[in-house]
Each structure stands twice: as structure tokens, then as C-alpha cells.
Amino acid sequence: MVKIPSRLVVFFLSLLFFLILITFFTYNQNHIALPYDSALSSVTYDLETPDPTVEPLTTLPLKPPLSSIIANNANHIKKRNNIGLAKARAAIRRAIQTRNFTSSKKEIFVPRGCIYRNAYAFHQSHIEMLKRFKVWTYKEGEPPLVHDGPMASIYGIDGHFMTEVENRSSPFWAGHPEEAHVFMLPISVVNIVKYLYHPLTTFSRGQFKRVTTDYTNIIARKYPYFNRSRGADHFLASCHDWAPDISRGTNGKVLFKNLIKVICNANTSKGFNPAKDVSIPEMSLLGFELTSSGQDPNHRSILAFFAGGVHGSIGKILLKHWKDKDEEVKVYEYLPKDLDYHDLMRSSKFCLCPSGYEVASPRLVEAINTGCVPVIVSDHYQLPFSDVLDWSKFSLHIPSERIPEIKTILKNVTHARYLKLQKRVMQVQRHFMLNHPAKPFDVFHMILHSIWLRRLNIKLPSIDIQ
């Protein structure tokens, strides 16, 4: 028996181990897989402007190149999203054609009745939204100018909406931007005005426009998503009167041309586009408190009610014609201390909701939540959720030139018609309630659904990331 020297054994074992190690390393280099959840969700890749100080990936023994894998993942996800949107559109069309509701044991509410333009379409669209819709919020910036907003004011819907969108437990939260169908610019117009214009010495929109433009340009340079769609799948949500002005400056006209503006000040005479933009309700919020429904409709003793200061030309005309002039049409500028505002709404058949300095008014939601039929006194106002709700079935609209005829118009509403209108007001309350966390068909879901409908109409160009 030949005795092999121990040093030779060690040498061969070392050589074998080294060959195994090389084989293993080479195998793994040639079979790289980047699982989406673990790899891409934790790293931000600038896919358009690679760092010139880094050696190009093509010189490394990587098959396929990392950039190609990222591009393939992006295209795969986009294709999956497009297929999902196509399925959603088909399901909505099918619901319209068959006039059927998709049944689900989990559902606690199914929209029915004439207050909806098409209850079948709305129901199916809401189901598809819950199933598929994902929203990405850009992380850049710090509060209070971004990622923050008021929770208790007439602009309170801003803070609540932003909080819900950025909630990681929300079914709409996107874990990575490639998952998203839409992108939110988390800019707070209210806080920009509050902190940059305090004390308020000028009404110039210059500072406000520069902040919003600069933030969006940072996003557009850092990520491919804004430029990819030219902003068409991006939105900014704000209830502040200044919000529409972001696209009125020289730079903003180009940058925000396609942006979905989710705003309260939905004035069609000043650039609001109902086909692209979203009208949201102005809500006077004290925490989460909203007033409750009022008296039985058969026992409401006041024909019409309004109380408020002079805010804009329409309010001025209303006070001129009706302030302290009629026992049935009770119009106050300053409510006497012995009277309660919400008690009067709960005791009124009709609540006058005139536009203020801008078209929106918190009285609209106050009327609905007190079971008072809203009388919308405005011009050029695109009402919230009009793509789903038929406002003519639960409210009245009086143009500003007919303010002197208010009593005559309301007296001509028969009691039977009033009862129908009031019953439908009670039906629509669900869509103007604020919940935390949000619940299906509440005001948060209604706002998001309006954005979802607009996203269904957007066709994005194909991704080409090299």
C-alpha cells in the first residue's frame, strides 16, 4: 500500500475546496434573481442618471445585467397593472350591460337608487378599486410643508386624506413605486400658506408657486415616473382656495398641465377640468366630529336657513335680499347668541349653501349631515363626486341671478317632492362621513374612487428603462 504524504492530501483537499468554491460563486453570479419585495423595495435606483463614478455594470461578470433585471421587473409590473386595469374596465362594462351587482358576503353596503348615475357601474368600480388600486406617496421632504396637513378646520379634509394615503396598513398603500397606479405629491398648500405667509402681508402666489414647482422638479429629476406620464398619473390634493393656482404660473402651466388636481375649489370658469380633475367636499371638522341628523322631515318648521358673514359676491347678494327680512327664509349675518347654528339646520327643510370667495362651501356637507336638503347657490361649481352622484335627486340648484326668487322657488316644491329629496339626503350621508380608519364608500373612499376613475382613462406609454 502506497502511503500518500499528508502534505499532498492537504494540497488536494484545498484544491478541491477551492474548485467547489469557484463553481458555487460562478453559478450564483450567472443565476442572479432579485426578488421584488426584498431587493427593490429597500433600495432607490436612479434608472435615468447612473452615477458616473461607478464602474458600468456591463464590465462585470453579471448575466443578465442588473439594469436589465430592474427593467424587466418594471415592465412586468407595469404589464400586470395594465392587465388589471383592463380587467377592471371590462368588469365595469359588464355590470352596466347586465345590470347586475357582483355579490359578496363581505359587503355591508350595496349602492342602490336614483341618487346614483349608474349604481351597477359604481358598485363594480368600487369593488375593482378595493381589489387593485395602489397609491405611492413620494418620501422626499419633511413636515410641515409636506407630509402634513390640518385635521380640524374647514381644510381638515387635507390632513385626514394625507394620513390615510400614507398609512401602511391601508389596502391602497403601494410598497414600491413600480406597484403604483397613481402617485401623490404630498404637498400641503394650507401649511405652505400658514408658515411661509405668516404674518400674511401679501396675497402674491409667488412663494407658493415656487415651493410646489421646486418640489415637483426634484421628483421629476430623481425618478422616471413623473416624466414618463408627463404628470398624468400624479395628483395633488388640497382644499385650500389657492390650490388651483399651482398651474397658473409660467412654469406651472407646463409642469402641472396634466396633473390631477384634487381640490375643493372646483370652479369650471377658472380652469377646473371635470374630465381630469377631482372635486372634493369642503368639510368643517373639529377632530372627527360631524353633526347628526335632525328632526323628522314632517316636523321641520323653518322653510330655509342660512347664517354667515359676507364672503364673496354671492353671499353679499343673498344678505342684501334676505337678511332679517322673512320669517320663513331665515337669513342671518351674525347668529344671535341664544340660537344654535346646527339646531337651526336640523329644524330646517332647506339649507342655503352659497359660494364664498370661491365656489365651495362647508355648508354643503353640514346640510347633508343634518338631513337638510341643500340649496346650492353658486355658478360654475363642479359638485363633488358628480361622476357617481346625481345631485339633482337630493338637492336644488339656484343660480346667483335668481337669489331674489329663492322663496318662490322653494314654495313651489311640493311636500311630496320635498320628502323624496330629504329621504335621498339621508341615503347619501354615508358618502360624506369621515372615518378613521376609512371605511368603504365613506368620503375618503369617494375621493379615492374619483381619482381611480380618472386613472382608468389614462394610457401610459410603455416603459423603456435601459
Side-chain angles (χ1 to χ4, degrees), residues 96 99 109-123 125-126 264-269 272-275 277-283 293-294 297 300 303-306 314 318 329 345 348-355 358-433 441 443 446-447 449-450 453-454:
I96 295 171
R99 298 176 65 82
F109 172 74
V110 175
R112 301 177 188 272
C114 66
I115 63 171
Y116 304 105
R117 295 189 179 278
N118 189 309
Y120 305 104
F122 176 41
H123 178 251
S125 181
H126 195 276
C264 291
N265 187 10
N267 189 332
T268 56
S269 71
F272 182 89
N273 181 357
D277 301 324
V278 171
S279 175
I280 61 176
E282 191 169 279
M283 303 172 72
S293 300
R300 293 189 175 225
L303 177 64
F305 167 71
F306 170 81
I314 290 180
L318 180 66
V329 180
M345 295 191 89
S348 301
K349 291 181 177 179
F350 299 97
C351 287
L352 305 180
C353 306
S355 293
E358 299 295 348
V359 291
S361 168
R363 291 177 182 82
L364 198 60
V365 174
E366 290 172 344
I368 290 171
N369 282 292
T370 53
C372 185
V373 177
V375 179
I376 302 155
V377 187
S378 69
D379 303 317
H380 313 296
Y381 183 24
Q382 180 69 20
L383 291 161
F385 318 138
S386 292
D387 36 24
V388 167
L389 300 178
D390 185 346
W391 282 84
S392 68
K393 297 297 191 294
F394 58 91
S395 68
L396 299 177
H397 177 249
I398 297 178
S400 59
E401 67 266 19
R402 298 192 68 186
I403 286 177
E405 306 172 52
I406 281 178
K407 185 172 182 178
T408 302
I409 293 170
L410 297 183
K411 281 287 191 179
N412 285 333
V413 177
T414 66
H415 188 63
R417 185 189 174 201
Y418 160 70
L419 291 176
K420 286 182 179 179
L421 289 170
Q422 201 277 338
K423 182 180 179 181
R424 294 165 187 164
V425 167
M426 302 300 288
Q427 286 180 279
V428 85
Q429 280 182 346
R430 171 186 294 272
H431 304 309
F432 294 88
M433 294 302 296
F441 297 101
V443 71
M446 292 295 287
I447 295 171
H449 181 262
S450 294
L453 287 181
R454 279 135 187 90

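We use all heavy atoms of the structure for the numbers below, so side chains are in, but hydrogens, waters and symmetry mates are not. Source: prediction; values computed, not measured.
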| said: For the aromatic rings, using the six-membered ring if either is Trp, is the centroid distance between F385 and F122 under 6.0 Å? | reply: no
| said: Quick one, R454 and D387 - any side-chain contact, counting heavy atoms below 4.5 Å? | reply: yes
| Are any of the side-chain heavy atoms of H123 and H126 separated by less than 4.5 Å? | no
| Should we count NZ of K407 as having more than 12 external heavy atoms under 6.0 Å? | yes
| said: Closer than 3.5 angstrom, by distance alone: can the side chain of T370 be matched with the main-chain N or O of A367 as a donor-acceptor pair? | reply: yes
| said: Is the shortest side-chain heavy-atom distance between L421 and K349 below 4.5 Å? | reply: no
| Sole candidate of F305, Y418, F394 that passes ring-ring contact (aromatic ring centres under 6.0 Å, His included) when paired with F350 | Y418
| message | Is the shortest side-chain heavy-atom distance between L364 and P281 below 4.5 Å? | response | no
| task | Report yes if the side chains of L410 and L396 come closer than 4.5 Å at any heavy-atom pair, otherwise no. | result | yes
| said: Are the side chains of K411 and L303 in contact, using a 4.5 Å heavy-atom criterion? | reply: yes
| request: Hey, could you give me the CG/CD1 distance between L389 and I115, rounded to the nearest 0.5 Å? | output: 6.5 Å
| remark: dist C372:SG -> E366:CD (nearest 0.5 Å) comes out at 10.5 Å
| query | Does Y116 reach the side chain of D390, with side-chain heavy atoms less than 4.5 Å apart? | reply | no
| note | For M345 and C351 the tightest heavy-atom approach is CE-SG, 3.7 Å
| Taking all atoms of both residues into account, what is the closest heavy-atom pair of S279 and F272, and its distance? | N-CZ, 3.6 Å
When the side chains of residues 373-384 are checked against the rest of the protein, which donor-acceptor pairs come out under 3.5 Å, sequence neighbours left out?
from : atom 1 : to   : atom 2 : distance (Å)
D379 : OD1    : S400 : N      : 3.3
D379 : OD2    : S400 : OG     : 2.5

| remark: Here the pair of heavy atoms bringing I96 nearest to A121 is CG1-CB, 3.6 Å
| said: Measuring from atom NZ of K393 to atom CD of Q427, what distance do you get when rounded to the nearest 0.5 angstrom? | reply: 12.5 Å
| Nearest-0.5 Å distance, CZ of residue R424 to CG of residue L419 | 11.0 Å
| task | Please test L453 against S125 for side-chain contact (heavy atoms from CB on, under 4.5 Å), starting from the C-alpha separation and ending with a verdict. | result | CA-CA 8 Å; L453 287 181; S125 181; 3.5 Å; yes
| request: Please report the closest heavy-atom contact between L318 and P354, naming both atoms and the distance. | output: CD2-CG, 3.8 Å
| Trace of the side-chain contact (heavy atoms from CB on, under 4.5 Å) decision for I314 with I403 | CA-CA 9 Å; I314 290 180; I403 286 177; 4.1 Å; yes
| query | For the residue pair R99 and Y120, what are the closest heavy atoms and their distance? | reply | O-CE2, 3.0 Å
| remark: Minimal heavy-atom distance between Q429 and G371, with the atoms involved, is NE2-N, 3.9 Å
| Trace of the side-chain contact (heavy atoms from CB on, under 4.5 Å) decision for W391 with H397 | CA-CA 9 Å; W391 282 84; H397 177 249; over 6 Å; no
| query | How many angstroms lie between OG in S450 and CG in D277, if you round to the nearest 0.5 Å? | reply | 11.5 Å
| remark: The reported gap from NE2 in H415 to CD in Q422 (rounded to nearest 0.5 angstrom) is 10.0 Å
| Under 4.5 Å between any side-chain heavy atoms of N369 and M433, yes or no? | yes
